[in-house]
Amino acid sequence: MHCPFCRHTDSRVMDSRVQEEGTVIRRRRQCPECGRRFGTVETAMLAVTKRSGATEPFSRDKVLAGARKACQGRPVTEDDLQRLGQTVEETIRAQGQAEIDAHEVGLAILVPLRQLDEVAYLRFASVYQAFDSLEDFQAAITSLRADRDTSGSVSAN
């Protein structure tokens with residue numbers, strides 16, 4: 001770590017604190033050359049591998065954009081979407097991998113979206129799973145109904 005003041009190539013860690021449920025580490029450092037103190041923030045990088053083979057950093061904003069499109073015109077609040085984004089990110093990070101396939105991100109979106117709004121789930125699934133026919137929609141609706149019947153609850157959606 002370079003000192004931001006004198007550009008010395010070394011620094012000594014004075015204090016470390018874990019924040020945001022262990023995903024962020026704040027460190028207080030001191031430069032042995034000039035003696036000044038400065039802070040650093042370390043976060044774990046999570047990369048997504050796309051179908052093309054390219055990798056890019058995980059973006060909760062991209063997850064929210066896709067879910068927001070699926071929820072357009074539905075009784076879903078921005079807070080609901082933020083919780084969905086948090087759930088998706090936690091699910092992906094819980095897998096313990098630094099690099100995850102884009103397909104896994106889509107799967108991680110489907111489960112909480114299904115719980116949030118069945119119509120939005122069908123919209124997202126139809127694009128994500130590339131529904132080609134009415135039979136694909138019917139199979140998804142049949143699955144939703146079967147899950148609803150086994151759980152004994154009826155959604156307000």
Side-chain angles (χ1 to χ4, degrees), residues 1-132 136 140 143-144 147 151 155 157:
M1 181 91 244
H2 291 277
C3 173
F5 305 107
C6 71
R7 305 297 298 157
H8 186 68
T9 58
D10 194 19
S11 63
R12 194 170 84 228
V13 175
M14 305 301 291
D15 183 37
S16 294
R17 295 182 185 189
V18 176
Q19 294 182 329
E20 297 182 31
E21 298 178 6
T23 61
V24 173
I25 299 175
R26 294 191 176 274
R27 297 196 194 279
R28 195 77 186 128
R29 297 176 176 267
Q30 183 172 11
C31 175
E33 186 70 21
C34 69
R36 296 179 79 180
R37 291 185 177 201
F38 57 97
T40 59
V41 178
E42 298 175 17
T43 59
M45 287 293 299
L46 182 60
V48 177
T49 305
K50 307 197 68 128
R51 276 185 238 152
S52 66
T55 59
E56 64 181 45
F58 172 80
S59 170
R60 189 187 296 189
D61 291 336
K62 284 182 110 173
V63 169
L64 292 174
R68 194 173 282 117
K69 284 179 189 174
C71 293
Q72 201 166 16
R74 301 295 303 156
V76 176
T77 66
E78 188 60 30
D79 285 344
D80 292 335
L81 289 172
Q82 292 298 326
R83 279 191 294 278
L84 180 135
Q86 178 71 28
T87 300
V88 169
E89 186 169 350
E90 287 172 358
T91 299
I92 290 169
R93 288 194 184 276
Q95 293 182 11
Q97 299 173 351
E99 223 171 273
I100 189 160
D101 192 63
H103 179 72
E104 295 295 322
V105 176
L107 291 176
I109 294 170
L110 284 172
V111 173
L113 189 57
R114 185 175 188 163
Q115 295 167 349
L116 181 62
D117 187 277
E118 291 173 339
V119 173
Y121 164 80
L122 283 173
R123 289 175 178 171
F124 188 86
S126 70
V127 174
Y128 175 71
Q129 295 175 333
F131 287 7
D132 290 327
D136 293 336
S143 174
L144 282 170
D147 287 350
S151 69
S155 175
N157 297 331

### Message
So, using side-chain contact (heavy atoms from CB on, under 4.5 Å) as the criterion, who are the partners of Lys62 when residues are at least two apart?
### Response
Lys50, Glu56, Ser59

#### Entry: Spatial distance of atom CG (Leu116) from atom SG (Cys71) [nearest 0.5 Å]
5.5 Å

### Task
Measure across Phe38 and Cys31 and return the closest heavy-atom pair with its distance rounded to 0.1 Å.
CE2-N, 4.3 Å

### Query
Run the side-chain contact (heavy atoms from CB on, under 4.5 Å) check on Leu122 and Leu144 step by step: do they pass?
CA-CA 9 Å; Leu122 283 173; Leu144 282 170; 3.9 Å; yes

### Step-by-step side-chain contact (heavy atoms from CB on, under 4.5 Å) determination, Leu84 to Asp80
CA-CA 6 Å; Leu84 180 135; Asp80 292 335; over 6 Å; no

#### Entry: Pair Gln82-Arg60, side-chain hydrogen bond (donor to acceptor under 3.5 Å, both in side chains): steps then yes or no
CA-CA 9 Å; Gln82 292 298 326; Arg60 189 187 296 189; 4.8 Å; no

## Note on the structure
Interatomic distance, CG@Asp117 vs CZ@Arg74, rounded to 0.5 Å, equals 4.0 Å

### Query
Any side-chain heavy atom of Leu110 sitting closer than 4.5 Å to one from Gln129?
yes

### Message
I need the minimum non-hydrogen distance between Pro112 and Val88, along with the two atoms involved.
### Response
CG-CG2, 4.1 Å

### Message
The test is side-chain contact (heavy atoms from CB on, under 4.5 Å); show your working for Glu89 and Val63 and say whether it passes.
### Response
CA-CA 9 Å; Glu89 186 169 350; Val63 169; over 6 Å; no

### Message
Within this structure, what is the CZ-CZ distance for the pair Phe58 and Arg93, rounded to the nearest 0.5 Å?
### Response
7.5 Å

### Query
Does the Arg37 side chain pair with the main chain of Met14, one donor and one acceptor, at a distance under 3.5 Å?
no

### Query
Quick one: does Tyr128's side chain have a donor or acceptor within less than 3.5 Å of a partner on His103's backbone?
yes

### Summary
d(Met45 CE, Thr43 OG1) to nearest 0.5 Å is 7.0 Å

#### Entry: Gap separating the CD atom of Glu90 from the CZ atom of Arg83, nearest 0.5 angstrom
12.5 Å

### Task
Search all heavy atoms of Gln30 against all heavy atoms of Gly35 and return the closest pair with its distance.
NE2-O, 3.1 Å

### Query
What's the shortest heavy-atom distance between Ser11 and Pro32, and which atoms?
CA-CD, 3.9 Å

### Query
Roughly how far, to the nearest 0.5 Å, is OG1 of Thr55 from CG of Asp101?
12.0 Å

#### Entry: Counterpart residues, ring pair (Phe, Tyr, Trp, His ring centres under 6.0 Å), relative to Phe131 (two or more places apart)
Phe137

### Task
Grab the two heavy atoms, one from Phe124 and one from Gly66, that are nearest each other, plus how far apart they are.
CD1-O, 4.0 Å

### Task
Please name the pair of heavy atoms, one in Gln97 and one in Leu46, separated by the smallest distance, quoted to 0.1 Å.
O-CD1, 3.3 Å

### Query
Got more than 12 heavy atoms from elsewhere within 6.0 Å of CD, Glu78?
yes

### Message
Applying the side-chain hydrogen bond (donor to acceptor under 3.5 Å, both in side chains) criterion to Ser16, which one of Arg27, Arg28, Arg26, Glu42 satisfies it?
### Response
Arg27

